[in-house]
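Note sheet for the following structure.
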Number of protein chains: 2
Amino acid sequence: MSARRPTRQRAALARALEGSTQFSSAQELHARLRNEDTTVGLATVYRNLQAMASEGEVDVIRTPEGEALYRACSTHHHHHLVCRVCGKAVEVTGAGVEAWAERVSAEHGFSSVQHTVEIVGTCSDCS
Amino acid sequence: MSARRPTRQRAALARALEGSTQFSSAQELHARLRNEDTTVGLATVYRNLQAMASEGEVDVIRTPEGEALYRACSTHHHHHLVCRVCGKAVEVTGAGVEAWAERVSAEHGFSSVQHTVEIVGTCSDCS
DNA sequence: CGCCTAGTTGACAATCATTCTCATGTAATC
DNA sequence: GATTACATGAGAATGATTGTCAACTAGGCG
């Protein structure tokens, strides 16, 4: 919970994340920074992404291939609707889903549940 | 879509999958086979797992670390409630969730949608 | 302002799951 | 039994991610 120290690298990474509404891989973010003025080490990108994720500042999803994708994210609980072609992501909420997850978990005696919901499809621009 | 050829290795893998109700990684399955009489190459395990997954014979989920886990699975559409401690997995269905996913997708102009829902918690035995 | 200390960084090696390569094996067909 | 196309296995290759460790720097202190 210690306040992390603001650094040039961290700021650049945050900027790169804010600059896109789509999910990007760590590698992409690293490359994007490299193409600009700022140079940030790959390990640093990973470290900060991890830190930001555990602070809830970014969201993480996984491609079917298992690669992690990150995106700056508002802090309320929500899920994603992702275009499989262009990667565009829309945040969606669903009170019904939350309730369903709770109920199902309780029915089976599970506690401390978390859930992930990802919807993948083809958006109107790409179909 | 060609019928795959039945082989000793494929059968052994199928048996290993049937033998457990929990999700197992490809590495685990490979090790389990190795400990028994049957020896199956790691590449073969991956190849068959992949083939079986695309035929819908097994389900695939990903650990938070990105490792793929497989499990023999009945063919109807459903989701999983997984214990984060012991790995026990319960199949759950939720008509409400399906409907919600459809509606949300349509609202945003998405088509050909697929969705994944995973609920992770601590089961009664492990809490 | 100059110094100290602990958190940060970056280059690169190391890991680890997964995929690729290609020579060899084998099920199905004739 | 001969043929052929698909399957297998050993090991190399890949590629994302993590670990290592010396060099760097933000912030507090005098």
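Just so it is clear, the values below take in all heavy atoms, side chains as well, and ignore hydrogens, waters and symmetry mates. Naming: A, B, ... by sequence-line order, numbering from 1 per chain.
Whole-Å rounding puts the B/F23 CZ to C/dA17 C1' distance at 18 Å. Following rounding to the nearest Å, A/N48 (CG) and C/dT8 (P) show an atom-to-atom distance of 8 Å. Between the CD atom of B/E28 and the P atom of C/dA17 there is a distance of 10 Å, rounded to whole Å. As a whole-Å value, the separation of B/L49 CG from D/dA7 P is 15 Å. To the nearest angstrom, P of C/dG10 lies 11 Å from CG of A/L13.
In this structure, the ring pair (Phe, Tyr, Trp, His ring centres under 6.0 Å) partners of B/H80, at least two apart in sequence or on a different chain, are B/F23, B/H78. Partners of B/H30 according to the ring pair (Phe, Tyr, Trp, His ring centres under 6.0 Å) rule, which considers only residues two or more places apart in sequence or in another chain, do not exist here. For B/H115, the ring pair (Phe, Tyr, Trp, His ring centres under 6.0 Å) partners at least two apart in sequence or on another chain are B/H77, B/H79. Remark: B/T44 engages B/R47 in a side-chain hydrogen bond (donor to acceptor under 3.5 Å, both in side chains) (not counting sequence neighbours). With sequence neighbours left out, the side-chain hydrogen bond (donor to acceptor under 3.5 Å, both in side chains) criterion links A/R103 to A/E107. Annotation: side-chain contact (heavy atoms from CB on, under 4.5 Å) contacts of A/V60 (sequence neighbours excluded): A/A53, A/A68, A/Y70. The salt bridge (Lys or Arg N to Asp or Glu O under 4.0 Å) test applied to B/R10 returns no partner, not counting sequence neighbours. Looking at residues two or more places apart in sequence or on another chain, you find no side-chain hydrogen bond (donor to acceptor under 3.5 Å, both in side chains) involving A/T7.
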A correct 5'-to-3' footprint of nucleotides 23-30 of chain C, with B, S and - meaning base, sugar-phosphate only and no protein heavy atom under 4.0 Å, is --BBBS--
Quick one: which protein N/O atoms are closer than 3.5 Å to N/O atoms of nucleotides 13-19 of chain D? Pair and distance per line, please.
| unit_1 | atom_1 | unit_2 | atom_2 | d |
| --- | --- | --- | --- | --- |
| D/dT17 | OP1 | A/A68 | N | 2.9 |
| D/dT17 | OP2 | A/Y46 | OH | 2.6 |
| D/dT17 | O5' | A/Y46 | OH | 3.4 |
| D/dT18 | OP1 | A/Q50 | OE1 | 3.4 |
| D/dT18 | OP2 | A/Q50 | OE1 | 3.0 |

I'd like a table of donor-acceptor pairs (distance under 3.5 Å, sequence neighbours excluded) in which one partner is a side-chain atom from residues 119-126 of chain B, with atom names and distances.
| unit_1 | atom_1 | unit_2 | atom_2 | d |
| --- | --- | --- | --- | --- |
| B/T122 | OG1 | B/R84 | NH1 | 3.0 |

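The rotation axes computed at either terminus of the helix from C/dC1-D/dG30 to C/dC30-D/dG1 lie 20° apart, taking five pairs at each end and rounding to 10 degrees.
Residue B/Q114 qualifies as open at atom CD: its count of foreign heavy atoms under 6.0 Å is 12 or below.
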